[in-house]
Amino acid sequence: MPTQAATRMQGEDPADKIVRHAGMLSEHLQARRQQMYPPDAQKSLRTFMIHEVSKLTSIPESTLKLMSNEGKGPVPARLENNHRVYTLAQINELRELFAAQRPAEALRFLPHRRDGEHLQILAVANFKGGSAKTTTSAHLAHYLALHGYRVLAIDLDPQASLSAMFGAQPEMDVQQNETIYAALRYDDKRRPIPEIIRPTYFTGIDLIPGNIEVMEYEHETPRYLSKRQTSSDSIFFERLRLALAEVEDDYDVVILDTPPSLGFLTLGAIYAATGLLVTVHPAMLDVMSMSQFLLMMGDLISVIRDAGATMRQDFLRYVVTRHDPMDQSQVHVVTMLRHLFTEDVLTSTAVESAAIETAGLAKRTLYELESGNISAATAKRARESIDAVNDQILGLIKQSWERT
């Protein structure tokens, strides 16, 4: 086996090779992206059949058909088979229309936050790669938007997988000072958070994208702390919560997709969160990693409390992801978690499924898949699993709002 010195003698320095390979791969990925998605191409959301609209809004199919025939409300498009289809924007128009017509049932049709109901900030966390943080975040954001909630998704991960799911390619579509770092930085280039929020193709969801720039916050914060500066916003872990306060009237739920580390960004997310979702793949190595994550997080929370700050989380839940209920070793791990943490483990689990993998390869969620993308039985099983998880999370949100 050649020595390191011999390797260098045979060719370029490994460090230079890494730089060269990074450039090659970046150029290749950008070329592929331009081939698959031309510069003027925009990601779009599918339309929804009338039975889907009825299920999402609780408006009977017969009522929707009658309204369409009478020319009332948003006008659905017609497919070649003459079936009616609605966009999500039109579905939201229906919600507003029925909420106005039936004020006693307004909350059923239009579930936005009411006076006295605080903004829900959900941090999806775990520093073990492969725990499906981004998959969980994206599916939850889509589920909530489909059910009429106003969602802000924030990508705190420099790998920016959540941003890519929403069609924002980190190397091409996210420029300097357009990530969450812009709202958290300590110098005069800091920007108000409304300036960096961008709409997405998915009606009801806005996005603050990420890219490698968010790492600047991890580098800048220690330098800032070393100067022991004093100001009204000098407590670094409060910065994210303070920034979100600027836009809290515009949203019902904020979803924070955290990086796979316990750095300053993750600490800020945990402090800002009203709900903490810890994703865990039910394998012993992953559980051991989660144990270290929880121990470290406990230490960091102690630091926050020692600084005189108050945590105000409504709930903590463990979300079992990539679950194969036929795998006995996984069954054992899930049973152990339920024994230890009881009701803090969601009763529903996100199953491991080819449908989720197929959707992920196309940078989509199950909610975006159209019929024919994958077998109906596989898609149905996966969708029911993800729906059950998200429905439980929504139930926790409603409980914190004291809704019956």
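Just so it is clear, the values below take in all heavy atoms, side chains as well, and ignore hydrogens, waters and symmetry mates.
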Side-chain heavy atoms of [X] within contact of [Y], under 4.5 Å:
{"X": "Glu220", "Y": "Tyr181", "result": "yes"}
{"X": "Thr378", "Y": "Thr358", "result": "no"}
{"X": "Leu45", "Y": "Thr203", "result": "no"}
{"X": "Ile397", "Y": "Tyr149", "result": "no"}
{"X": "Gln399", "Y": "Phe315", "result": "no"}
{"X": "Asp155", "Y": "Val214", "result": "no"}
{"X": "Asp327", "Y": "Glu352", "result": "no"}
{"X": "Leu156", "Y": "Ile180", "result": "yes"}

Inset, instruction - State whether Lys189 and Asp187 are salt-bridged, where the test is any N-O pair (Lys NZ or Arg NE/NH1/NH2 against Asp/Glu carboxylate O) under 4.0 Å. - result: no
Donor-acceptor under 3.5 Å ([X] side chain, [Y] main chain):
{"X": "Asp391", "Y": "Asp387", "answer": "no"}
{"X": "His112", "Y": "Gly148", "answer": "yes"}
{"X": "His139", "Y": "Leu366", "answer": "yes"}
{"X": "Ser131", "Y": "Val280", "answer": "no"}
{"X": "Lys43", "Y": "Phe202", "answer": "no"}
{"X": "Thr221", "Y": "Glu218", "answer": "no"}
{"X": "Asn126", "Y": "Thr279", "answer": "yes"}
{"X": "Arg239", "Y": "Leu184", "answer": "yes"}
{"X": "Gln328", "Y": "Pro325", "answer": "no"}
{"X": "Glu213", "Y": "Asn177", "answer": "yes"}

Looking at [X], I want to see if its [atom1] is surrounded by more than 12 non-hydrogen atoms of other residues, nucleotides or ligands under 6.0 Å.
{"X": "Leu361", "atom1": "CG", "answer": "yes"}
{"X": "Arg338", "atom1": "CZ", "answer": "yes"}
{"X": "Asn81", "atom1": "CG", "answer": "yes"}
{"X": "Gln176", "atom1": "CD", "answer": "no"}
{"X": "Glu248", "atom1": "CD", "answer": "yes"}
{"X": "Arg78", "atom1": "CZ", "answer": "yes"}
{"X": "Arg114", "atom1": "CZ", "answer": "yes"}

Please find the pair of heavy atoms, one from [X] and one from [Y], that lie closest to each other, and give the distance.
{"X": "Val85", "Y": "Met49", "value": "CG1-SD, 3.6 Å"}
{"X": "Pro74", "Y": "Tyr86", "value": "O-CE2, 3.9 Å"}
{"X": "Thr258", "Y": "Lys133", "value": "O-CE, 3.2 Å"}
{"X": "Ser54", "Y": "Ile59", "value": "OG-O, 2.7 Å"}
{"X": "Leu316", "Y": "Asp344", "value": "O-OD1, 3.6 Å"}
{"X": "Asp252", "Y": "Trp401", "value": "O-CZ2, 3.7 Å"}

Legend entry - His332 side chain to Gln330 side chain, donor-acceptor N/O pair below 3.5 angstrom: no
Inset, instruction - Go through Val278 and Phe341 one step at a time and tell me if the side chain to side chain contact (heavy atoms under 4.5 Å, CB included) criterion holds. - result: CA-CA 12 Å; Val278 179; Phe341 303 141; over 6 Å; no
Inset, instruction - Could you give me the CA-CA distance, side-chain angles and deciding distance for Glu178 and Asn211, then say whether side-chain hydrogen bond (donor to acceptor under 3.5 Å, both in side chains) is met? - result: CA-CA 9 Å; Glu178 290 184 350; Asn211 64 13; over 6 Å; no
Inset, instruction - For Leu396 and Asp314, run side chain to side chain contact (heavy atoms under 4.5 Å, CB included): C-alpha distance rounded to whole Å, both residues' side-chain angles, the deciding distance at 0.1 Å, then the answer. - result: CA-CA 8 Å; Leu396 292 168; Asp314 298 324; over 6 Å; no
Legend entry - Aromatic ring proximity, centroids under 6.0 angstrom, Phe236 and Tyr224: no
Distance in Å, [X] [atom1] paired with [Y] [atom2], rounded so as to fall on 0.5 Å steps:
{"X": "Arg102", "Y": "Arg108", "atom1": "CZ", "atom2": "CZ", "value": "6.5 Å"}
{"X": "His142", "Y": "Ser137", "atom1": "NE2", "atom2": "OG", "value": "11.0 Å"}
{"X": "Thr57", "Y": "Leu110", "atom1": "OG1", "atom2": "CG", "value": "12.0 Å"}
{"X": "Leu394", "Y": "Gln392", "atom1": "CG", "atom2": "CD", "value": "11.0 Å"}
{"X": "Gln101", "Y": "Phe109", "atom1": "CD", "atom2": "CZ", "value": "9.0 Å"}
{"X": "Leu300", "Y": "Ile304", "atom1": "CG", "atom2": "CD1", "value": "7.0 Å"}

Inset, instruction - List the steps and the verdict of side chain to side chain contact (heavy atoms under 4.5 Å, CB included) for Met311 and Tyr271. - result: CA-CA 6 Å; Met311 306 283 285; Tyr271 178 74; 3.8 Å; yes
Inset, instruction - Return the orientation label for the Tyr186 and Tyr217 ring planes: parallel under 30°, perpendicular over 60°, tilted otherwise. - result: parallel
Inset, instruction - Using the six-membered ring wherever Trp is involved, compare the ring planes of Phe166 and Tyr201 and label them parallel, tilted or perpendicular (cut-offs 30° and 60°). - result: tilted
Inset, instruction - Given side-chain hydrogen bond (donor to acceptor under 3.5 Å, both in side chains), test Asn390 with His147 step by step and report yes or no. - result: CA-CA 11 Å; Asn390 289 331; His147 286 80; over 6 Å; no
Legend entry - Member of Arg46, Arg383, Arg84 meeting the salt bridge (Lys or Arg N to Asp or Glu O under 4.0 Å) criterion with Glu52: Arg46
Legend entry - Chi angles and distances behind the side chain to side chain contact (heavy atoms under 4.5 Å, CB included) call for Val389, Tyr143: CA-CA 10 Å; Val389 168; Tyr143 178 87; over 6 Å; no
